[in-house]
Amino acid sequence: QVQLVESGGGLVQGGGSLRLSCAASGRTVSNYNMGWFRQAPGKEREFVAAIGMTGTIKQYADSAKGRFPISRDNAKNMVFLQMNSLKPEDTAVYYCAAGRGPRLTGPYDYWGQGTQVTVSS
């Protein structure tokens with residue numbers, strides 16, 4: 001079992017930045033691909049970014065490319081999503097996920113509870 005806890009969400013003005021953190025416990029996160037997903041009101045959950053077990057391979061949704069770099073610190077069992085140049089359409093609940101599937105886009109086995117990000121115009 002892997003427990004995931006997200007933090008770092010909040011209210012920010014358009015153009016601003018936030019850094020989301022995901023703390024993992026239960027098992028070492030270095031054995032898992034780690035991903036960030038988001039779900040806006042009335043919409044399905046969507047992939048944002050993911051990083052492979054060693055941190056070498058990363059994958060991004062088009063909406064996140066160039067704005068939301070993903071990183072991980074396996075020694076601290078942490079994963080991060082630096083969110084820059086935020087737009088109102090980035091408003092959503094952001095979820096951290098851990099998995100060992102063949103693709104970074106999913107499926108994922110473990111999920112956090114989510115952290116709310118709200119971007120004002």
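Any value given below was found using the heavy atoms of this structure, including those in side chains, with hydrogens, waters and symmetry copies removed. Keep in mind it's a predicted model, so treat the numbers as computed, not measured.
- At a threshold of 4.5 Å between non-hydrogen side-chain atoms, the residues Val93 and Thr115 do not count as touching.
- Residue Arg72 holds its CZ atom at 13.5 Å from CG of Leu81, rounded to the nearest 0.5 Å.
- Annotation: side chain of Asn84 is in contact with side chain of Gln82 (closest heavy-atom distance under 4.5 Å).
- Contacts classified as side chain to side chain donor-acceptor pair (under 3.5 Å) and involving residues 99-114 (residues at least two apart or in different chains) are not found.
- The closest donor-acceptor contact from the side chain of Asn74 to the backbone of Met53 lies under 3.5 Å.
- Contact of the Met83 side chain with the Ser17 side chain is not registered, since no non-hydrogen atoms from C-beta on lie closer than 4.5 Å.
- Residues Ala24 and Leu4 share a closest heavy-atom pair of CB-CD2, 3.7 Å.
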Quiz item: After noting the C-alpha distance and the side-chain angles of Gln1 and Ser25, does the key distance pass the side-chain contact (heavy atoms from CB on, under 4.5 Å) rule?
Solution: CA-CA 9 Å; Gln1 285 283 349; Ser25 61; over 6 Å; no
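- Here OG of Ser63 is found 5.5 Å from CD of Glu46. Values are rounded to the nearest 0.5 Å.
- Residues Val48 and Tyr60 form no side-chain contact, since every pair of their non-hydrogen atoms from C-beta on lies 4.5 Å or further apart.
- Atoms CG and CD1, from Leu104 and Ile57 in turn, are 6.5 Å apart once rounded to the nearest 0.5 Å.
- Phe47 and Phe37 have their aromatic ring centers within a separation under 6.0 angstrom.
- Taking hydrophobic clusters as Ile, Leu, Val, Met, Phe, Trp and Tyr residues chained together by side-chain heavy-atom distances below 4.5 Å, Val79 shares a cluster with Leu18.
- In this structure, Arg19 forms a cation-pi arrangement with Phe80, its terminal cationic atom sitting closer than 6.0 Å to the ring centre and no more than 45° off the ring axis.
- Side-chain contact between Arg38 and Val117: absent, with no pair of heavy atoms (C-beta onward) separated by less than 4.5 Å.
- Closest heavy-atom contact between Cys96 and Glu6: N-OE2, 2.8 Å.
- Hydrophobic clustering (side-chain heavy atoms under 4.5 Å, transitive across Ile, Leu, Val, Met, Phe, Trp, Tyr) groups Val12 together with Trp36.
- Placement of Leu20 and Val119 within a single hydrophobic cluster is found when ILVMFWY residues are connected by side-chain heavy-atom separations under 4.5 Å, directly or transitively.
- Closest heavy-atom contact between Thr91 and Ala40: O-CB, 3.6 Å.
- Looking at Lys58, its side chain never comes within 3.5 Å of a backbone N or O of Ala50 through a donor-acceptor pair.
- Distance CD1/Ile51 to CE/Met34: 9.5 Å, rounded to 0.5 Å.
- Arg45 contributes no side-chain N or O that, together with a main-chain N or O of Gln39, makes up a donor-acceptor pair within less than 3.5 Å.
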Quiz item: What's the verdict on side chain to side chain donor-acceptor pair (under 3.5 Å) for Thr118 and Gln116, showing C-alpha distance, side-chain angles and the deciding distance?
Solution: CA-CA 6 Å; Thr118 303; Gln116 176 70 46; 3.3 Å; yes
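- Distance SG/Cys22 to OH/Tyr94: 15.0 Å, rounded to 0.5 Å.
- Between atom OG of residue Ser121 and atom CD of residue Glu89 there is a gap of 10.0 Å, rounded to the nearest 0.5 Å.
- For the pair Asn33 (side chain) and Gly101 (backbone), a donor-acceptor distance under 3.5 Å is present.
- Taking the charged nitrogens against the carboxylate oxygens, Asp62 and Lys65 do have a contact shorter than 4.0 Å, which makes a salt bridge.
- Between the side chain of Asn77 and the backbone N or O of Val29, at least one donor-acceptor pair lies under 3.5 Å.
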